[in-house]
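Since the model is a prediction, treat every value here as computed from it, not as a measurement.
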Amino acid sequence: MRFLTTDDVAERYRTAASTVRYWRQIGKGPRAIKIGKRVLYPETDLLRYERSLAEGQDDLGLIS
């Protein structure tokens with residue numbers, strides 16, 4: 001399984017890292033996990049998030 005950092009996710013979605021952190025704070029966007037002090041995003045969850053957007057969920061694609 002491949003994991004991406006907050007900066008990787010921001011680059012992938014062409015947005016600021018602060019936006020990705022905000023999504024995490026409000027519980028929207030791709031799911032993240034915390035390992036020690038690091039916040040990582042499993043690539044499979046990013047793909048799930050992208051699929052939800054393609055299927056017409058809200059623009060932040062709430063993933064639960």
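Through direct or indirect side-chain contacts shorter than 4.5 Å among Ile, Leu, Val, Met, Phe, Trp and Tyr, Met1 is connected to Phe3, Ile33, Ile35, Leu40.
Partners of Ala16 according to the side-chain contact (heavy atoms from CB on, under 4.5 Å) rule, which considers only residues two or more places apart in sequence or in another chain, are Ser18, Thr19. Applying the side-chain contact (heavy atoms from CB on, under 4.5 Å) test to Glu43 and every residue at least two apart in sequence or in another chain returns Arg2, Leu4, Arg12.
Ring geometry for Tyr13 versus Trp23: interplanar angle of 30 to 60°, hence tilted.
What you find for Ala32 and Arg24 is that their closest heavy atoms are CB-CD, 3.8 Å. When all heavy atoms of Pro30 and Leu46 are compared, the pair lying nearest together is CB-CD1, 3.9 Å.
Cluster membership for Leu47 and Val20, using ILVMFWY side-chain heavy atoms within less than 4.5 angstrom, is not shared.
Residue Glu50 places its CD atom among more than 12 non-hydrogen atoms of other residues, nucleotides or ligands, all under 6.0 Å distant.
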